[in-house]
Colleague: 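Here's a structure for you.
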Amino acid sequence: MNVGILGSGDVARALGAGFHKYGHDVMLGSRAPAKLTAWSAEHPGARVGSFAEAAGHGEVVVLSVSGRAAEQALSAAGAENLNGKPVIDTTNPIADAPPDNGVLRYFTDLNESLMERLQERFPEALFVKAFNSVGNPHMVDPRFEGGTPTMFICGDNDGAKRTVRGILEQFGWEVADMGGAEGARAIEPLCMLWCIPLLLRGEGDHAFRLLKRAGGT
Ligand SMILES: NC(=O)c1ccc[n+]([C@@H]2O[C@H](COP(=O)([O-])OP(=O)(O)OC[C@H]3O[C@@H](n4cnc5c(N)ncnc54)[C@H](OP(=O)(O)O)[C@@H]3O)[C@@H](O)[C@H]2O)c1
């Protein structure tokens, strides 16, 4: 698949490397693509460009910018380059204020999510929340003694979710579908939970797993 990744940070680089490893045709986008020169040299064939060029390249687009900048980055990418495409939303609405005793502050509240805002602002893009609830070193080929971890996803478009499920399974995840875009109200705060051990004790080697009873309802 052609994959366009909006972002130049740790998540964009980790997912870019993963898509590249699994044979996808990747382009990373940034306001300053030159900062990705070394990254692209390490991944022969992977390209870098502007947000609009990366989004235009992608049959699937990945949004990996800071939550505060998400709307700006998508505007720079251009709605015409997003319409009708799955947009994997890795972002979290982390506020500028510092955490309270290891608990991140969000600029959204429990009855709305960043992804719903983005879906409303870009109604023709097919947003799917994914990858936001784990640290970037574990996003591709996660390995845990406790078994295969679960990635929680949600979004309004079933076809887009099928595409994202395929990518997640290729990357080594079990997928749990939490319904429409409103599910992001529950999935985005998983990042707060994931980050508490990191912020309090520097522990970042964990991921969530949904346990189900065989034959249970
Ligand atoms: N770090 C993790 O392990 C992790 C894990 C799960 C989820 N997440 C979420 O994934 C997202 C990306 O995280 P990250 O740590 O890789 O990067 P980040 O430091 O949160 O964000 C860096 C990116 O934001 C873009 N950006 C910043 N201000 C901007 C603006 N005004 N307009 C347009 N773009 C702007 C930068 O664009 P330029 O390239 O143009 O500078 C850069 O690509 C975040 O929402 C984060 O909460 C992170």
Side-chain angles (χ1 to χ4, degrees), residues 3-19 26-40 46-55 58 61-79 81-82 87-99 103-108 113-118 121-122 127-142 149-154 164 167-168 171 173 184 186-199 202-208:
V3 181
I5 301 182
L6 310 181
S8 61
D10 291 340
V11 174
R13 290 165 191 247
L15 290 177
F19 280 110
V26 181
M27 183 185 281
L28 263 60
S30 166
R31 292 167 299 176
K35 70 168 85 163
L36 290 163
T37 306
W39 182 89
S40 60
R47 283 173 281 166
V48 301
S50 65
F51 284 136
E53 286 168 337
V61 176
V62 181
L63 178 64
S64 297
V65 298
S66 87
R68 282 227 170 274
E71 201 172 323
Q72 268 173 282
L74 291 170
S75 296
N81 290 319
L82 305 170
V87 177
I88 302 177
D89 175 18
T90 76
T91 66
N92 287 306
I94 299 172
D96 293 332
V103 181
L104 290 169
R105 282 181 176 249
Y106 274 17
F107 58 77
T108 50
S113 62
L114 177 56
M115 194 178 84
E116 287 171 277
R117 285 191 197 176
L118 300 176
R121 170 74 179 74
F122 299 89
F127 287 92
V128 179
K129 197 91 207 171
F131 291 112
N132 71 300
S133 60
V134 72
N136 69 83
H138 301 294
M139 288 181 175
V140 181
D141 302 330
T150 306
M151 184 59 71
F152 296 91
I153 70 167
C154 69
V164 176
I167 292 164
L168 283 163
F171 283 11
W173 289 89
I187 298 176
E188 288 174 2
L190 290 178
C191 162
M192 298 171 73
L193 187 62
W194 190 93
C195 283
I196 290 173
L198 181 71
L199 295 172
E203 297 168 3
D205 278 329
H206 51 271
F208 297 117

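Remember, it's 1-based here, ligands and their atoms both numbered in the order they're listed. Because the structure is a prediction, the values reported are computed rather than measured.
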Colleague: Show the atoms of ligand 1 that are less than 4.0 angstrom away from any heavy atom in K35.
Modeller: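 Contacts of ligand 1 toward K35, numbered from 1: 38 (P), 39 (O), 41 (O).
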Colleague: What are the two closest heavy atoms between T91 and E188, and how far apart are they?
Modeller: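 Taking every non-hydrogen atom into account, O-CG, 4.5 Å.
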Colleague: Hey, mind stepping through L74 and R121 against side-chain contact (heavy atoms from CB on, under 4.5 Å) and telling me if it holds?
Modeller: CA-CA 10 Å; L74 291 170; R121 170 74 179 74; over 6 Å; no
Colleague: Looking at G67, which atoms of ligand 1 are within less than 4.0 Å of one of its heavy atoms?
Modeller: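 Selected atoms, number and element: 45 (O).
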Colleague: Measure the distances from the heavy atoms of R13 to every atom of ligand 1 and state whether one is below 4.0 angstrom.
Modeller: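 No, R13 has no heavy atom closer than 4.0 Å to ligand 1.
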Colleague: Mind checking whether R68 has a heavy atom under 4.0 Å from ligand 1?
Modeller: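 Contact check R68 vs ligand 1: negative.
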Colleague: So, are E71 and R117 salt-bridged, with charged N and O less than 4.0 Å apart?
Modeller: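 Salt bridge: no.
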Colleague: Around atom 5 (C) of ligand 1, find the nearest protein heavy atom and jot down its residue, atom name and distance.
Modeller: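 Closest protein heavy atom to atom 5 (C) of ligand 1: V134 O, 3.1 Å.
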Colleague: Considering N132, L190, N92 one by one, which has a heavy atom nearer to atom 46 (C) of ligand 1 than any of the others?
Modeller: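 Going through N132, L190, N92 one by one, N92 has the nearest heavy atom to atom 46 (C) of ligand 1.
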Colleague: Under the side-chain contact (heavy atoms from CB on, under 4.5 Å) criterion, do E53 and N81 qualify, and how do the steps go?
Modeller: CA-CA 9 Å; E53 286 168 337; N81 290 319; over 6 Å; no
Colleague: Does the pair I167 and F19 meet the rule for a side-chain contact (heavy atoms from CB on, under 4.5 Å), with working shown?
Modeller: CA-CA 9 Å; I167 292 164; F19 280 110; 3.6 Å; yes
Colleague: Roughly how far, to the nearest 0.5 Å, is NZ of K35 from OG of S40?
Modeller: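 Going from OG on S40 over to NZ on K35, the span is 13.5 Å.
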Colleague: Do any N/O atoms on N136 end up under 3.5 angstrom from N/O atoms on ligand 1?
Modeller: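 Looking only at distances, the answer is yes, because the N/O contact criterion of under 3.5 Å is met.
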Colleague: Within ligand 1, which atoms have a heavy atom of G7 less than 4.0 Å away?
Modeller: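 Near G7, meaning under 4.0 Å from one of its heavy atoms, ligand 1 has 43 (O).
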Colleague: Give me the residue, atom name and distance of the protein heavy atom closest to atom 42 (C) of ligand 1.
Modeller: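 It is S8 OG, 3.6 Å.
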Colleague: For A130 versus M151, what's the shortest heavy-atom pair and its separation?
Modeller: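 Nearest pair, atom of A130 first, then M151: C-SD, 4.3 Å.
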Colleague: Does N132 reach the main-chain N or O of I187 with its side chain, forming a donor-acceptor pair under 3.5 Å?
Modeller: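 Looks like yes, one N/O pair under 3.5 Å.
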Colleague: Near T91, which atoms of ligand 1 are under 4.0 Å from a heavy atom of that residue?
Modeller: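 Ligand 1 atoms under the 4.0 Å threshold to T91: 45 (O).
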Colleague: If every non-hydrogen atom of I5 is compared with every non-hydrogen atom of A54, which pair is closest and at what distance?
Modeller: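 Shortest heavy-atom contact: O-CB, 3.9 Å.
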Colleague: Is the closest side-chain heavy-atom distance between F208 and P149 below 4.5 Å?
Modeller: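 F208 vs P149: side chains apart.
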Colleague: Of the protein's non-hydrogen atoms, which lies at the shortest distance from atom 9 (C) of ligand 1, and what is that distance?
Modeller: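 Residue, atom and distance for the closest contact: T90 O, 3.3 Å.
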Colleague: Provide, to 0.1 Å, the distance between atom 17 (O) of ligand 1 and the closest protein heavy atom, together with that atom's residue and name.
Modeller: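 Minimum-distance protein heavy atom for atom 17 (O) of ligand 1 reads G9 CA, 4.1 Å.
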Colleague: I need the nearest protein heavy-atom contact for atom 29 (C) of ligand 1: residue, atom name and distance, please.
Modeller: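 Protein heavy atom with the smallest distance to atom 29 (C) of ligand 1: A69 CB, 3.2 Å.
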Colleague: Does CZ belonging to R68 count more than 12 external heavy atoms closer than 6.0 Å?
Modeller: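 Enclosed.
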Colleague: Counting only heavy atoms, tell me which of D10, L15, V65, V11 gets closest to atom 44 (C) of ligand 1.
Modeller: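 Looking at heavy atoms only, the winner is V65.
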Colleague: What about S30: any of its N or O atoms under 3.5 Å from an N or O on ligand 1?
Modeller: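 The answer is yes, given that S30 and ligand 1 share an N or O pair closer than 3.5 Å.
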Colleague: Atoms of ligand 1 less than 4.0 Å from M139 heavy atoms?
Modeller: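 Those of ligand 1 that fall under 4.0 Å from M139 are 5 (C), 6 (C).
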Colleague: Under the side-chain contact (heavy atoms from CB on, under 4.5 Å) criterion, do L168 and F131 qualify, and how do the steps go?
Modeller: CA-CA 9 Å; L168 283 163; F131 291 112; 3.5 Å; yes
Colleague: For atom 24 (O) of ligand 1, what is the nearest protein heavy atom, given as residue, atom name and distance?
Modeller: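 For this ligand atom, the closest protein heavy atom is S66 N, 3.2 Å.
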Colleague: So do W194 and V134 actually touch side chain to side chain, heavy atoms under 4.5 Å?
Modeller: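 Of all side-chain heavy-atom pairs linking W194 with V134, at least one is under 4.5 Å.
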Colleague: Which protein non-hydrogen atom lies closest to atom 30 (C) of ligand 1, naming both residue and atom, and how far is it?
Modeller: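 For this ligand atom, the closest protein heavy atom is R31 NH1, 3.2 Å.
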Colleague: Does ligand 1 have an atom that lies less than 4.0 angstrom from a heavy atom of F51?
Modeller: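 A heavy atom of F51 does come that close to ligand 1.
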Colleague: Which atoms of ligand 1 are found less than 4.0 Å from any heavy atom of I94?
Modeller: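 Going through ligand 1 atom by atom, the ones under 4.0 Å from I94 are 47 (O).
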Colleague: Atoms of ligand 1 less than 4.0 Å from G135 heavy atoms?
Modeller: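 Near G135, the atoms of ligand 1 are 3 (O).
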Colleague: Judged by atom type as modelled, is there a donor-acceptor pair below 3.5 Å linking the side chain of T90 to the main-chain atoms of L63?
Modeller: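 Flag set: sc T90 to bb L63 pair under 3.5 Å.
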Colleague: Quiz question for you: does at least one protein heavy atom lie closer than 4.0 Å to atom 40 (O) of ligand 1?
Modeller: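 Answer yes: something from the protein, a heavy atom, is under 4.0 Å.
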Colleague: Can you list the ligand 1 atoms lying under 4.0 Å from a non-hydrogen atom of S64?
Modeller: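 Within the 4.0 Å cut-off of S64, ligand 1 contributes 12 (C).
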